[in-house]
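Working notes for the structure below.
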Amino acid sequence: MRITIIGNGGREHALQWKLAQHGHAVAMTHASMSHDGHDAELVIIGPEAPLAEGIVDRLVQQGVRAFGPTQAAARLEASKAFAKEFMTRYGIPTARFAIFDSYAPAERHLQRADYPVVIKASGLAGGKGVVVPRDVAEAHAALHAIMRERAFGSAGDQVVIEERLEGPEVSLMAFCDGETVVPMLPAQDHKRALDGDQGPNTGGMGAFCPSPLLTPGDIDDCASRILQPAVRGMAREGAPYQGVLYAGLMLTKDGPKVLEFNCRFGDPEAQVVLPMLKTDLAEIANACIDGRLGAQTVEWHAGACACIVLASGGYPGTYRTGLPIQGLDHVPDDILIFHAGTRQDEGGWITDGGRVLGVAARGSTLRDALARAYAGVSHIHFAGMHYRRDIGARWLDT
Ligand code: AMP
Ligand code: GLY
C-alpha cells in the first residue's frame, strides 16, 4: 500500500520501518504541515496535536482512510478533565481528583487537601503539563504558574488536582476499532534524564518491552477493567474510539490505576513495541478502520526489545544542534536506528533535536536485547551525546 505517516520523530521512524518491512511504500510528512493525503491509501497519524485538532475528521471527509481517533475521541488525551470525569462515569480506576477552571477555588482546595497531590494542566502541553510537587509550597507555586502565569497557555485554563499515587509505571497500548480492543505487549519508559531515575523529566530516555510487571493474566485484567470499558464508554457517548489507545498505568497496592490516556502510540514505547509485532501493521490499521479487528490476527515475536535514546548535551534543557553524528555506518545490521532529531547535510547526518536517535534491538531475553542495543550505541558518537546506562537494569531480575 501507499502509506503516509504524519510526524517525523522516533515513533514515526519506527512506524515507517515497520511498514517498510512488509513491503509498503511509506512517505513521511511533517506534523505541522497541512495535509490532504489524497495520494495515500492509508494515513497513520503519529503525534497527538494533529489528532486533537481533528485531522482524522478532515481526512475522512476527503475520503481518505486514516488510522487514529477523531477529534471527539482524542479528547481522552487532549482534555485531562474530560478523561477523569469519563473514568468516573465508567468505573475505570484512577487517582481521586478535583477539577477547577479558576484559581481561587483551586487554591482553597490545595489548602484543604489532606494527601500529597499532583497538579495537571488539563490541555495538551507537550508532555510538560504535569507537576509532582515535593511539598505544599511547590504545589502552590505550580498552581500559580499554570493558572495565573499561564505557563502552558490555554492548556492551563482548567487544572486537575489529583491524589498522588505510588508504584511502578507501565504503558499498555491497544489497537481499537470502535468496539474491539486488542492489547499490545506492555512496555516501560524511562522518563528521567539520568541514571537511577535522577534528573529532570524528559520525553523518554529509553524503553523496553514486554514489561515483566504485567503477566498475560494481568493484561487481560487491564483490558477488561480499563481498556474495554473506555472503548465501550466512548462508543456510548457517540465518539467511537478507533486507533491506538495508550493507558499510562501505575501499579499501586490497590491494583493498576490510570494516570493518563494518550490517543496514539507512545514514544519511545513505539520503538520497542513495533519491532516485537509480527503482523503487518497496515493490515491491523485497516481492520481497525473497517471495524473488523475482532477477526484480525495480531501476533508478537518471542523475546524482548530494548531502545536506548541518544540525547543532545543539555537536553531536556537547552542544547546545540547541527553537530555531526559519527559511526552510523558501523552499526551492525540487526540494530535498529530510529531517527528522532536529525537532519542530513552535505557531510552526512547531523543533530537536529533534543532526542537525536533511538537505538533498538531485539533479543531472546531482556538482558540479551539490552546488551545488543548498548553494543549498537557504542559505535555512535556526537559532541555532547548523553544517554542512560541503566535502561531496563532495575527490572532484569523481576
Ligand atoms: P501524565 O502525563 O498524566 O502521565 O503524567 C506524567 C507523569 O507524572 C507520569 O508518568 C507519572 O510519573 C506522574 N504522575 C501523573 N499522575 C500521577 C499521580 N496521580 N500520582 C503519581 N504520579 C503521577
Ligand atoms: N512515552 C510517553 C508518551 O509517549 O506519552
Side-chain angles (χ1 to χ4, degrees), residues 7 9-12 14-15 45-49 51-52 74 76-84 87 92-99 113 115-134 138-139 142 146 152 155-156 158-173 184 186-193 197-209 211 243-254 256-274 307 309 316 338 340 354-355 358 391:
R11 162 183 49 213
E12 289 77 19
L15 286 163
I45 297 92
E48 62 277 15
L51 291 164
L76 274 182
E77 174 166 1
S79 168
K80 289 182 189 290
F82 171 82
K84 295 295 285 192
M87 287 189 265
I92 297 170
T94 190
R96 288 184 290 162
F97 68 99
I99 296 169
Y115 45 77
V117 295
V118 177
I119 300 177
K120 304 184 173 186
S122 178
L124 292 183
K128 298 189 178 75
V130 175
V131 182
V132 183
R134 271 169 303 189
E138 252 185 44
I146 295 173
F152 307 112
Q158 269 190 318
V159 294
V160 176
I161 299 181
E162 68 181 37
E163 168 197 13
R164 178 166 171 181
L165 303 174
E166 272 177 68
E169 287 182 49
V170 182
S171 307
L172 184 60
M173 302 185 279
M184 303 186 209
Q188 281 175 252
D189 188 3
H190 295 62
K191 289 198 169 144
R192 300 298 200 94
D197 290 330
Q198 302 296 309
N201 259 317
T202 71
M205 293 298 290
F208 65 88
C209 97
S211 162
V244 171
L245 180 61
Y246 167 135
L249 303 176
M250 192 164 259
L251 307 182
T252 74
K253 62 177 180 7
D254 302 319
K257 294 192 179 177
V258 177
L259 295 179
E260 61 167 345
F261 281 123
N262 293 324
C263 63
R264 44 151 181 99
F265 283 104
D267 192 1
E269 289 92 331
Q271 299 180 52
V272 293
V273 172
L274 291 170
C307 173
V309 170
F338 298 128
R355 289 188 292 175
I391 300 302

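Order of appearance sets the numbers: ligands from 1, and atoms from 1 within every ligand. Hydrogens, waters and symmetry mates are skipped; everything else that's a heavy atom, side chains included, is used.
At the shortest separation from atom 22 (N) of ligand 1 among protein heavy atoms lies M250 CE, 3.9 Å. The protein heavy atom nearest to atom 11 (C) of ligand 1 is E169 OE2, 3.1 Å. In this structure, atom 17 (C) of ligand 1 lies nearest to the protein heavy atom L259 CD2, 3.5 Å. Protein heavy atom closest to atom 2 (O) of ligand 1, with residue, atom name and distance, is E260 OE1, 3.1 Å. If you check which protein heavy atom lies closest to atom 5 (O) of ligand 1, you get V130 CG2, 3.4 Å. The protein heavy-atom contact nearest to atom 13 (C) of ligand 1 is V132 CG2, 4.0 Å.
With sequence neighbours left out, the salt bridge (charged side-chain N to carboxylate O under 4.0 Å, His left out) criterion links R96 to E163.
Summarising the contacts of atom 5 (O) of ligand 2 with E269, R264, M173, E260, the nearest heavy atom is found in R264. Among T252, V117, T94, V118, the residue whose heavy atom lies closest to atom 18 (C) of ligand 1 is V118.
Per-residue contacts place G266 under 4.0 angstrom from the following atoms of ligand 2 (heavy atoms of the residue considered): 4 (O). The ligand atoms of ligand 1 that sit less than 4.0 angstrom from a heavy atom of R164 are 20 (N), 21 (C). Applying the 4.0 Å criterion to heavy atoms of D189 picks out, from ligand 2, the atoms 1 (N), 2 (C). Against a heavy-atom cut-off of under 4.0 Å, E162 is close to the following atoms of ligand 1: 16 (N), 17 (C), 18 (C), 19 (N). Ligand 2 places these atoms under 4.0 Å from at least one heavy atom of N262: 5 (O). Under a 4.0 Å criterion applied to the non-hydrogen atoms of L165, ligand 1 contributes the atoms 18 (C), 19 (N), 20 (N), 21 (C). Proximity to K80 (heavy-atom distance under 4.0 Å) selects the following atoms of ligand 1: 1 (P), 2 (O), 3 (O). Interface of K120 with ligand 1, defined as ligand atoms under 4.0 Å from a residue heavy atom, comprises 3 (O), 15 (C), 16 (N).
I391 contributes atom CD1, which lies 11.0 Å from atom CD of Q188 (distance to the nearest 0.5 angstrom). Rounding to the nearest 0.5 Å gives a distance of 12.0 Å between CZ of F265 and CG of L245. Here the CZ atom belonging to R192 is positioned 9.5 Å from the OG1 atom belonging to T202, to the nearest 0.5 angstrom. Atom CZ of F82 is separated from atom CE of M87 by 10.0 Å, given to the nearest 0.5 angstrom. Expressed to the nearest 0.5 Å, how far CG of D189 lies from SG of C307 amounts to 9.5 Å.
Not a single heavy atom of K257 sits under 4.0 Å from any atom of ligand 1. At least one heavy atom of Y246 sits closer than 4.0 Å to an atom of ligand 2.
Pairing each heavy atom of L76 with each of A83, the nearest pair is O-CB, 3.4 Å. Taking all atoms of both residues into account, the shortest heavy-atom contact from F208 to V272 is C-CG2, 3.8 Å.
Under 4.0 Å from ligand 1, not a single heavy atom of E166 appears.
For ligand 2, one of its N or O atoms has an N or O atom of D267 under 3.5 Å away. Checked by distance only, ligand 2 and K191 stay at 3.5 Å or farther apart across all their nitrogen or oxygen atoms.
Just one residue in the list V170, L165, V258 forms a side-chain contact (heavy atoms from CB on, under 4.5 Å) with M250, and that residue is L165.
Not a single donor-acceptor pair under 3.5 Å links the side chain of E77 to the backbone N or O of A74. The backbone N or O of A95 sits less than 3.5 Å from a side-chain atom of K84, completing a donor-acceptor pair. Within the 3.5 Å criterion, the main-chain N or O of P186 finds no donor-acceptor partner in the side chain of S211. Looking at E269, its side chain does come within 3.5 Å of a backbone N or O of D267 through a donor-acceptor pair.
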